[in-house]
Amino acid sequence: MLDISKLVVAYGQAVILQGVDFTVRRGEVLALLGRNGAGKSTTLKSIMGLVRPVSGQVRFSGKDITGAEPYKIARQGIGYVPEERRIFAELTVMENLEIGRQGARDGRAWTEAELFEIFPNLGRMRARRGGAMSGGEQQMLTIARTLMGNPSLVLLDEPSEGLSPLIVEQMAEAIQLFKKRGITVLLAEQNLHFTEYLADDAVIMEKGRIVWSGGMKNLMADTGLQERYLAV
Ligand SMILES: Nc1ncnc2c1ncn2[C@@H]1O[C@H](COP(=O)(O)OP(=O)(O)OP(=O)(O)O)[C@@H](O)[C@H]1O
Ligand SMILES: [Mg+2]
């Protein structure tokens with residue numbers, strides 16, 4: 001569904017991605033793993049058109065989207081949840097969600113009931129202002145709003161970061177449920193254990209290169225590999 005090939009990205013003179021190759025298959029959750037500064041966020045930003053690659057290619061459903069404008073990429077069906085939460089503090093939960101519906105891709109729209117089945121705590125706070133929610137709740141709202149755009153592929157940048165164990169658990173359940181609905185997920189994470197039961201496959205990045213790729217089960221069985229490349 002998503003094919004990244006020979007992707008090179010630089011910030012000024014500094015070459016950050018040095019020829020990245022990987023594929024996300026339709027319907028799977030792929031974990032993009034690696035330590036601080038490995039290049040995970042840069043990879044997601046390049047897919048989304050927020051950073052223009054020096055060379056290489058991003059293909060989505062067979063179409064070349066390399067360096068296209070972010071809103072055009074979103075309209076093709078890619079949703080992006082950045083590391084920093086972006087809710088509208090003055091707007092309510094429902095109003096925040098409505099904004100996510102604007103510019104949505106064609107296809108079956110999410111109903112309120114479906115969305116609140118995935119995020120039950122949001123259903124209990126419909127009229128709450130975004131600014132009056134906890135960090136974890138805001139993170140859920142950001143993801144829920146992205147789903148309102150009806151994406152077929154969602155890029156999540158460290159969704160478990162800074163969340164308490166209970167909220168991390170809820171986040172994992174939410175991701176499992178939208179995978180069930182057929183949404184493909186590219187999950188950038190430092191936290192291997194968050195991805196353990198979510199991801200089908202994994203790629204490991206170090207210094208802007210993919211150094212390993214394979215099944216999640218194989219990665220979990222290989223502690224040497226984990227110690228070498230991941231913060232475990
Ligand atoms: N706007 C920028 N200008 C210059 N260098 C940058 C910029 N953004 C990121 N970098 C550098 O690019 C490298 C990769 O950063 P990136 O944010 O992609 O890593 P990451 O894997 O997402 O790390 P983390 O797990 O800490 O979020 C780092 O060395 C970082 O310092
Ligand atoms: Mg990052």
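Because only heavy atoms are used, hydrogens play no part in the values below, and waters and symmetry mates are left out as well, while side chains stay in. Whatever order the structure lists ligands and atoms in, that order sets their numbers, starting from 1.
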Ligand 1 to Gly39 polar contact by distance, N or O atoms, under 3.5 Å: yes
Would Thr43 count as a polar contact of ligand 1, with the cut-off being nitrogen or oxygen pairs under 3.5 Å? no
Is any side-chain heavy atom of Leu30 closer than 4.5 Å to one of Val203? yes
The Mg ion (ligand 2): protein N, O or S atoms that are less than 2.8 Å away, sorted by chain: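 Correct list: Ser41 OG.
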Distance, nearest 0.5 Å, that separates [atom1] of [X] from [atom2] of [Y]:
X: Ser46; Y: Ile4; atom1: OG; atom2: CD1; value: 8.0 Å
X: Thr66; Y: Phe60; atom1: OG1; atom2: CZ; value: 13.0 Å
X: His193; Y: Tyr197; atom1: NE2; atom2: OH; value: 9.0 Å

Between Asp64 and Gln57, is any side-chain donor less than 3.5 angstrom from a side-chain acceptor? yes
Is there a donor in the side chain of Glu83 and an acceptor in the side chain of Ser41, or the other way round, less than 3.5 Å apart?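 Short answer, yes.
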Residue and atom name of the nearest protein heavy atom (relative to [atom]), distance in Å to one decimal:
atom: atom 4 (C) of ligand 1; value: Tyr11 CB, 3.4 Å
atom: atom 18 (O) of ligand 1; value: Thr42 OG1, 2.5 Å
atom: atom 14 (C) of ligand 1; value: Gly37 O, 3.4 Å
atom: atom 17 (O) of ligand 1; value: Ser41 CB, 3.6 Å
atom: atom 26 (O) of ligand 1; value: Asn36 ND2, 2.6 Å

Test of understanding: given a 4.0 Å heavy-atom threshold, classify the contact between Ile16 and ligand 1 as side chain, backbone, both, or neither.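 Contact part for Ile16 vs ligand 1: side chain (C-beta onward).
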Which segment of Glu158 sits under 4.0 Å of ligand 1 when only heavy atoms are counted: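 For Glu158, the contact with ligand 1 is made by the side chain alone.
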Between the main-chain N or O of [Y] and the side-chain N or O of [X], is there a donor-acceptor pair closer than 3.5 Å?
X: Asp157; Y: Leu44; result: no
X: Asp3; Y: Thr23; result: no
X: Lys217; Y: Asp201; result: no
X: Gln226; Y: Leu219; result: yes
X: Arg26; Y: Ser61; result: no

Apart from Val54 itself, which Ile, Leu, Val, Met, Phe, Trp or Tyr residues share its cluster (side-chain heavy atoms under 4.5 Å, direct or through members)?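 Grouped by the 4.5 Å side-chain rule, Val8, Val15 form the rest of the cluster around Val54.
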Decide whether a cation-pi geometry holds between Arg181 and Trp110; the criteria are a distance under 6.0 Å from NZ or CZ to the six-membered ring centre and an angle within 45° of the ring axis.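 So Arg181 does make the cation-pi contact.
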Flag atom 9 (C) of ligand 1 as yes if some protein heavy-atom distance to it falls below 4.0 Å, otherwise no.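 Under 4.0 Å from atom 9 (C) of ligand 1, at least one protein heavy atom found.
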Is_contact(atom 31 (O) of ligand 1), protein non-hydrogen, under 4.0 Å: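 No, because not a single protein heavy atom sits under 4.0 Å from atom 31 (O) of ligand 1.
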Please confirm whether Ala14 comes under 4.0 Å of ligand 1, counting heavy atoms of the residue only.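 Per 4.0 Å heavy-atom rule, Ala14 does not contact ligand 1.
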Quick one: does Lys45 get a heavy atom under 4.0 Å from ligand 1? no
Identify, by atom number and element, the atoms of ligand 1 in contact range of Arg35, meaning under 4.0 Å from any of its heavy atoms.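 In order of number, 21 (O).
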Sub-4.0 Å atoms of ligand 1 with respect to non-hydrogen atoms of Glu83: 27 (O)
